[in-house]
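Here the structure comes first, spelled out in structure tokens, and everything after it is commentary.
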Protein chains: 2
Amino acid sequence: MSTRYTVSQIARRTGLTVRALHHYEAAGLLRPASRSDAGYRLYGEAELLRLQHIVSLKALGFSLADIRACIDADAPSLGGALARQIERLREAVVRQQELLGRLERIAHQLAAGATIDAETLLNGIEATTIMQNHFSNEQLQAIKARGDALGAERIREVERAWPEVIAGMQAALALDKDPASAEVRALARRWRGLLREFTGGDAGILQSMNAMFRAEPAVMQARTGIDPVLLAYASKAVGLLGED
Amino acid sequence: MSTRYTVSQIARRTGLTVRALHHYEAAGLLRPASRSDAGYRLYGEAELLRLQHIVSLKALGFSLADIRACIDADAPSLGGALARQIERLREAVVRQQELLGRLERIAHQLAAGATIDAETLLNGIEATTIMQNHFSNEQLQAIKARGDALGAERIREVERAWPEVIAGMQAALALDKDPASAEVRALARRWRGLLREFTGGDAGILQSMNAMFRAEPAVMQARTGIDPVLLAYASKAVGLLGED
DNA sequence: CGTGCGGCCTCACGCTGCGTGAGGGTCAAG
DNA sequence: CTTGACCCTCACGCAGCGTGAGGCCGCACG
């Protein structure tokens, strides 16, 4: 009449392991219909059906807790759980794709830069990580678009120009020169020009960059040579330029 | 001279927690430069730098073990680890996108079918799950393309026609009619027609479907009303049709 | 000089979804 | 009676920490 199956039979029919069935029982997901005299688990058709549902939901990425909620409460939670699961997965995919993008960019750099040492590579990775933390995705895209617009050649020029300007500004600061003096104004104009080359005139990006320098003074100093004092001095000098 | 930082200072500067730093130490990732008399962990600039690297690599999704390998062994493993990580991530993205696709299809059905009860929904989910297990991705795409080509209206017609043909075949089997008789031949022709509507004449899909019926007789019987005996009978009858 | 509060320390369990034994009964066949 | 093949119940292990528990520093305040 009521056919009974042992754990291993059930396991074979569902593609699960015996251990998993034990686990599901412990998790309150599926209790055997009965036990034999020796304590063997015995399952019936109803349990098999329920298990099919469990397997299906698990294949959709639901957690055991979610599955229990869905099956126990029946209808109400299922639709909601489905929606939540979709939302979760969408976010996960987006995150992973961003991550993948970053990894691929790094791998690309590595392939282009021929034999690059680990230290340099890690520093580069660190830079992108910090950027990732301080700029929004839109801002990062804007920066990337800006870089594409400028072209690799111009970017190299800018990168060569920065140390010079920074050194000049540092020297002016060391000699305690008036930020309003003609010499410092000239430096500030170059500074502002290079900065705009990066920000593209986007006030938000400028703000985020300042925040980044404030949040990571040590790292930024190590990478750019700009410490908070120098930044303040240069900012003041640029501010004194007015709309000139 | 050599500035020393306490755990919580390091934690603040890196955005990690004190517990995480303890964990990294236990994992052999980052040992404090020294300890105070009271046993307090004391970190230096070098540790801070190393930790930046660790954070960066972690942000790229590397496991602590991988990170340790990368940082300890320096250059050699980093490139390889990067490539492996990219590969892993690509696979993960593909898997999750497939999953997302399935979930969205189900959600779509649910939205279309208005108020569908949980039982029916779970059965639908089960069907897609089993299909997923028995057909390759290419086959599933081919089936989907086939469905699009036929159109929703034709599919509904086919779905209405199947039970009728199955019932007829079942009746013929029950009466032990000769599979070669005119009546059964007529049934077999309709059966074959409906089947081709699904397979699109693809022998691989037909084979996989037979395998599915063999592997999941109970489920398939519950869903289609076709049991192994009936399937054998029908297959014989169809075979007897020849190239007719 | 005590005391209170914030850090710091070292265990150690918890979470997810089982895998993988350990140690020991059960059942049908030979 | 023995031998496999199954079954049982613990219980640890995995990754990466979170979150206490219980107790020792260290600095400031009264």
Side-chain angles (χ1 to χ4, degrees), chain A residues 4-43 47 51 53-71 81 84-85 88-89 92 95-96 99, chain B residues 4-43 47 51 53-71 81 84-85 88-89 92 95-96 99:
Chain A
R4 296 274 118 137
Y5 308 94
T6 66
V7 259
S8 57
Q9 287 172 333
I10 292 282
R12 258 198 303 279
R13 292 177 71 105
T14 54
L16 296 168
T17 65
V18 171
R19 176 67 180 104
L21 290 169
H22 289 179
H23 186 62
Y24 292 170
E25 184 178 352
L29 264 180
L30 182 75
R31 283 200 312 136
S34 60
R35 296 272 193 152
S36 77
D37 291 346
Y40 286 21
R41 272 162 258 256
L42 297 175
Y43 300 83
E47 284 69 38
L51 196 49
H53 292 163
I54 293 173
V55 170
S56 302
L57 290 175
K58 206 166 70 62
L60 291 177
F62 286 94
S63 73
L64 296 190
D66 284 346
I67 294 176
R68 195 175 47 181
C70 287
I71 305 197
R84 278 195 303 278
Q85 179 70 7
R88 269 209 300 268
L89 250 176
R95 264 202 312 276
Q96 301 211 343
L99 226 167
Chain B
R4 296 274 116 137
Y5 308 95
T6 66
V7 256
S8 57
Q9 286 172 335
I10 292 283
R12 259 199 301 279
R13 290 175 71 107
T14 54
L16 295 168
T17 65
V18 171
R19 177 67 178 101
L21 290 168
H22 289 178
H23 186 61
Y24 292 169
E25 184 179 352
L29 264 180
L30 181 75
R31 282 197 317 134
S34 60
R35 295 272 193 152
S36 77
D37 291 347
Y40 286 21
R41 271 162 256 256
L42 297 175
Y43 299 85
E47 284 70 38
L51 196 49
H53 292 162
I54 293 173
V55 170
S56 302
L57 291 175
K58 206 166 70 62
L60 292 177
F62 286 94
S63 73
L64 297 189
D66 284 347
I67 294 177
R68 196 174 49 182
C70 287
I71 305 199
R84 279 195 304 275
Q85 179 69 6
R88 269 209 300 267
L89 213 55
R95 265 203 312 274
Q96 301 211 343
L99 226 168

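Predicted, not measured: the structure shown is a model, and the values here were computed from it. FYI, side chains are in, hydrogens and waters are out, and symmetry mates aren't considered; it's all heavy atoms of this structure.
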message = Go through it in stages, so that I can follow the logic: the residues are Leu64(B) and His23(B), the test is side-chain contact (heavy atoms from CB on, under 4.5 Å), and I'd like the CA-CA distance, side-chain angles, deciding distance and then a yes or no.
response = CA-CA 10 Å; Leu64(B) 297 189; His23(B) 186 61; 3.7 Å; yes
query = If the sugar-phosphate is the primed atoms plus P, OP1 and OP2 and the base is the rest, what is the B/S/- string for nucleotides 23-30 of chain C, using protein heavy atoms under 4.0 Å?
reply = --BBS---
inquiry  = Please give me every residue in residues 18-25 of chain B whose heavy atoms get under 4.0 Å of an atom in DNA chain C, ordered by residue number.
reply    =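 Result for residues 18-25 of chain B: Arg19(B), His22(B), sorted by number.
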key: Leu99(B) and Arg95(B), any side-chain heavy atoms less than 4.5 Å apart   =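 No, too far: nothing below the 4.5 Å cut-off.
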Which atoms form the tightest heavy-atom contact between [X] and [Y], and what is the distance?
{"X": "Val7(A)", "Y": "Leu21(A)", "answer": "O-CD1, 3.5 Å"}
{"X": "Leu42(B)", "Y": "Pro32(B)", "answer": "O-CB, 3.4 Å"}
{"X": "Arg4(B)", "Y": "Ala33(B)", "answer": "NH1-CB, 3.6 Å"}
{"X": "Lys58(B)", "Y": "Leu16(B)", "answer": "CE-CD2, 4.4 Å"}

request  = Counting heavy atoms from C-beta on, name the nucleotide in dG16(D), dC18(C), dC17(D) closest to the side chain of Ser63(B).
outcome  =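 Out of dG16(D), dC18(C), dC17(D), the nucleotide with an atom closest to Ser63(B)'s side chain is dG16(D).
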message = Starting the side chain at C-beta, find the nucleotide from dC9(C), dG7(C), dT9(D) nearest to Ser8(B).
response =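 The nucleotide sitting nearest to the side chain is dG7(C).
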task = Could you check Leu57(A) against Asp66(A) for side-chain contact (heavy atoms from CB on, under 4.5 Å), going step by step and ending with a plain yes or no?
result = CA-CA 9 Å; Leu57(A) 290 175; Asp66(A) 284 346; over 6 Å; no
Degree of bending in the helix from dC1(C)-dG30(D) to dG30(C)-dC1(D) once both end axes are built from five pairs, to 10° =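 Taking the rotation axis at each end, their angle is 40°.
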query = 5'-most contact on DNA chain C: Arg35(B) or Phe62(A), nearest heavy atom basis?
reply =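 Of the two residues, Arg35(B) wins.
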Leu29(A) CG to dC18(C) P, straight-line distance once rounded to whole Å =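 Answer to the nearest Å: 10 Å.
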key: Arg31(B) atom CZ, over 12 foreign heavy atoms within 6.0 Å   =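 Result for CZ/Arg31(B): open.
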message = So, does Lys58(A) get its side chain near the phosphate of dC18(C), meaning an N or O under 4.0 Å from OP1 or OP2?
response =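 For dC18(C), OP1/OP2 do have a side-chain N/O of Lys58(A) under 4.0 Å.
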query = Phosphate oxygens OP1/OP2 of dC18(C): is one of them under 4.0 Å from a side-chain N or O of Thr17(A)?
reply =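 Answer no for this pair, as no side-chain N or O of Thr17(A) is under 4.0 Å from OP1 or OP2.
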